[in-house]
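The structure under discussion appears below in the form of structure tokens.
First the proteins, then the strands, lettered A, B, ... as listed; each starts at 1.
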Amino acid sequence: MSCNSPEQALREAIREACRTALGIDPEQVPLTYPPSTAMGDLASPVCFELARVARKPPRAIAEEIAGAFHPGEHFRKLEVAGGGYLNAFLKRNVFLSRWLTDGRESDAPVPGKIIVEHTNINPNKAAHIGHLRNAVLGDTLVLYLRQLGHQVEVQNYIDDTGVQVADLVVGFGRIRGMEPADVRERYSDERLKAEGLRFDYLCWDLYAEVTRWYEEDRSRLEERAATLSAMEEGNNPVADLAAFVAHRMVKHHLCTMHRLGIVYDVLPKESDILALKFWEDAFGLLKETQAIHKLEGGKNDGCWVMDLHGAEEGSGEDQKVIVRSNGTVTYVGKDIAYQMWKFGLLHRDFHYRRLDWSPSEALYPLWSSCADRGDGGHPDFGKGHTVYNVIDTRQSYLQRVVAQGLESLGHRSEASRSIHFAYEMVALTPGAVQALLPERELSEEELAKSYLEMSGRKGLGVKADDLLDTLMSRATAEVRSRNRDMDNAQVADTARRIAVGALRYYMLRFSRNRVVAFDLDAALAFEGETGPYLQYSVVRSRNILRKVADRFGAEQVEAGRLAEQADLNVLAEDALSEHWNLAIMLSRVPAVLRQAVDSLELALAAKHAYLLAQAFNSFYHRYPVVQEEDEQVRTVRTAIIRLYHDGMIHLLGLMGIEVPERM
RNA sequence: GCGCCUGUAGCUCAGUGGAUUAGAGCGCCGGCCUCCGAAGCCGGGUGCCGGAGGUUCGAGUCCUCCCAGGCGCGCCA
């Protein structure tokens, strides 16, 4: 909203009244919303804070401020309520007409690029619903940030040289007995497609097999170590196979996420961080600034470690090994280097290449890092002003280490703008596991737990594409039964939007630090607090607009005309408050988005959208529009419907939810 | 042992910096389609807000302690 927004105007007017009435200039004027619009449209609890300074009861201060208040162009009046709240009432028609014409503009551009890193699935298995939560949260954050005027770069980090990929290579070689060339030939895209198989699903099973294979004989772990070092060495068949496997898997992940509308700008690969020696650069800087130091003696003899601030000695999280005694760098060390690169604090950069999606269809242009011979014409990646790392809360400790690394290097502001977007995992209840994976037997210990975390190693999880497929088929059946005249293409498109809407809303509706105990029935539901409920309400609003346009003329639903003609005062008092309530709820969307981003509680916006849909549905049943005979009443109702329709399409769009034409 | 998170209705969850009788969804029971699409609406709730103290005129909300559960704390990633 512009600086001329009601919120801004109210802050100023209250501040002015404070000066006049009390001779006090409050540092800030907090704003909130009254419980109902009957009590006011905006409120300020500022008098509670002033009470301490002025040594008077809040209520008395409120009376004085209200007496000195000048309503200006936005407000009708300011009332004192409760123990000392100031409740302001907007000039409704003025506000309605403004909101109809400029309600959904993006905020003005904010300088400084924001980098959001999300998804980051280990490229050795199909994506599961835990990855889905990460990607949906990350992608939605990106959409909200862009709405708030930020330039955002989306990174999806590919750990293509880790043990998880190595385990797969071991599995192909030792369990399947295949040579690298066999793997490429046997699992070519063409051949798998012809057989109706999927590489990511095959690897899902193989990975679990490898884990069991290790457990049968722990000495087999030497195979992993050997594979890993061959991978690090490079330029050998094992390393090539690892790269092949990782690349195939990444393509699958990209396709899976694309089904949900989730896209990326660049894929930085760990293999390139190694090849381009990012770590060597970071290591030098860390030594130079004494952010890390080498230990002589003790349990970490010969290691380079970082001491953690604010942790008591011996508490367990007081010291982190960054470089092992054998000279190799740990995962978190590489992560520090990567984080430094994101802020442009390293002396090095990747080369970039257009990602080869073939023979999959290239769904959108995408860049991948590479170690040499890059393509020209790529954007200037990295060098972010602020970085959000979307990673589940189990990595909080390591994320603290990364941020402290920056701080110790003297980059305090970068450290403070290095934000761990932490969220809890998606887990399965023992009952859900038995229902979804009946072939899997659970131990006594597992059955006793309230939930089981998903585990690629154990092959325990719900694959993202399976869930989407189930949603799609359910949505298709519903759409067909309700719309006999729809052609197949339209049914498919509608079902896709519904399936995606259901899934994305389900992933967004929980607050971030709550473990989502995956409930298949709830995830598949189209009724109640679900994405399709929201979509359906918008489809209904669209039908009304269409009918009004058909019957009374297209200009009757045009926002500019409605802004001029709609007059809330033609409504009776009780009806008016319900109409007004919908308008005011829509007007709060920008503030809700701001709050959602500031708190990283993206569910706030999802919840707001749901409350809006509820209010709309109730409105819909109570107030006819097309059949309303009084033209003025019809016009103001049409204005409210227009506002709802446009506002919700926009808001749902920010959650990655598209509204179908019909459903 | 230390750190972080979570305990609110049968189940799943909201509840911002103190505003009436603590709210939704699911489930259950009852209504509502000659009327803009019933994926909807309306009605039906006796909740030790985990427990105990404390601050306050006032606490689900703030502070302390305790209990229960989850997750971290590796020269794994």
Side-chain angles (χ1 to χ4, degrees), chain A residues 30 32-36 39 43 45 48-49 57 81-85 87 122 159 161-164 166 270 299-305 308 310-312 314-318 320-332 334-335 392-398 400 422 424-425 427 449-451 453 475 478-479 482-483 498 502 509-517 519 521-522 525-530 532-537 539-541 543-548 551 595 599 601 603-604 607 610-611 613-614 617-628 637 641 662-663:
Chain A
T32 175
Y33 301 110
S36 87
M39 299 170 73
F48 294 107
E49 291 173 22
Y85 279 89
N87 290 350
N122 254 310
D159 184 7
T161 47
V163 290
Q164 300 215 16
E270 185 178 76
K299 65 172 176 144
N300 292 331
D301 181 32
C303 297
W304 288 84
V305 301
L308 277 300
E312 281 181 41
S315 67
E317 294 186 359
D318 58 335
K320 181 69 195 166
V321 172
I322 306 296
V323 179
R324 304 182 186 102
S325 54
N326 67 6
T328 57
V329 60
T330 59
Y331 163 76
V332 69
K334 282 179 275 192
D335 223 23
D392 83 62
T393 187
R394 288 172 291 186
Q395 299 222 34
S396 291
Y397 167 60
L398 295 173
R400 274 206 308 279
E424 273 288 358
M425 63 180 173
K449 292 202 156 206
S450 48
Y451 32 66
E453 67 182 292
E478 286 291 327
V479 172
R482 288 158 202 262
N483 302 276
I498 291 169
R509 59 179 286 202
F510 303 97
S511 48
R512 63 190 169 103
N513 46 15
R514 183 170 291 280
V515 175
V516 173
D519 179 336
D521 289 334
F526 295 158
E527 291 167 13
E529 192 186 341
T530 66
Y533 174 93
L534 304 181
Q535 293 167 314
Y536 186 64
S537 74
V539 168
R540 285 170 135 184
S541 71
N543 286 342
I544 293 173
L545 294 176
R546 183 162 49 227
K547 291 195 177 185
V548 169
R551 192 171 302 183
Q595 197 187 348
S599 61
E601 233 15 299
L604 287 174
K607 197 60 92 179
Y610 174 67
L611 291 173
Q614 263 189 329
N617 274 330
S618 172
F619 181 93
Y620 175 92
H621 280 273
R622 204 181 303 252
Y623 302 106
V625 181
V626 182
Q627 280 148 28
E628 174 57 48
R637 286 190 185 153
I641 302 290
R662 293 192 292 150
M663 62 187 283

Ignoring backbone atoms, test whether [X] places a side-chain nitrogen or oxygen under 4.0 Å from the OP1 or OP2 oxygen of [N].
X      : N     : answer
A/R324 : B/A77 : yes
A/R514 : B/A14 : yes
A/Y533 : B/C41 : yes
A/Q164 : B/C76 : no
A/K449 : B/C71 : yes
A/Y620 : B/A38 : yes
A/K607 : B/C13 : no

Output the single nucleotide from [options] whose closest atom is nearest the side chain of [X].
X      : options             : result
A/Y610 : B/A24, B/C71, B/U12 : B/A24
A/N122 : B/U6, B/A77, B/A19  : B/A77
A/H621 : B/C75, B/G40, B/G25 : B/G40
A/Q627 : B/C35, B/U6, B/G40  : B/C35
A/E453 : B/C75, B/A38, B/C71 : B/C71
A/N543 : B/G70, B/G37, B/A39 : B/G37
A/N617 : B/C75, B/G25, B/G40 : B/G40
A/P30  : B/G40, B/G17, B/G37 : B/G17
A/Y536 : B/C36, B/C5, B/A38  : B/A38
A/Y331 : B/A77, B/A38, B/C71 : B/A77

Q: Indicate, yes or no, whether a donor-acceptor pair under 3.5 Å links the base of B/A39 to the side chain of A/R482.
A: yes
Q. Got a donor-acceptor pair under 3.5 Å from the side chain of A/S618 to the base of B/C41?
A. no
Q) Any side-chain heavy atom of A/L604 sitting closer than 4.5 Å to one from A/K607? A) no
Whole angstrom is fine here: how far is it from [atom1] in [X] over to [atom2] in [N]?
X      : N     : atom1 : atom2 : value
A/N483 : B/G37 : CG    : P     : 12 Å
A/Y397 : B/C5  : OH    : P     : 17 Å
A/F510 : B/U6  : CZ    : P     : 16 Å
A/R637 : B/C36 : CZ    : P     : 15 Å

(Q) With rounding to the nearest 0.5 angstrom, report the CZ to CE distance, A/R514 to A/M425. (A) 13.5 Å
(Q) So, taking the atom named CZ in A/R509 and the one named OG1 in A/T530, what distance separates them when rounded to the nearest 0.5 Å? (A) 8.5 Å
Q: Take atom P in B/G60 and the same atom in B/G54, then report the distance between them in whole Å.
A: 15 Å
(Q) What's A/L398 touching, base or sugar-phosphate or nothing? Going by heavy atoms closer than 4.0 Å. (A) base
Q: Determine the contact category for A/V539: base if any of its heavy atoms lies under 4.0 Å from a base atom, sugar-phosphate if only primed atoms, P, OP1 or OP2 are that close, otherwise nothing.
A: base
Q | A/E270 and A/T161: side chain donor to acceptor below 3.5 Å | A | yes
Q: Provide the Watson-Crick or G-U wobble partner of B/U56, both distances under 3.5 Å; none if there is no partner.
A: none
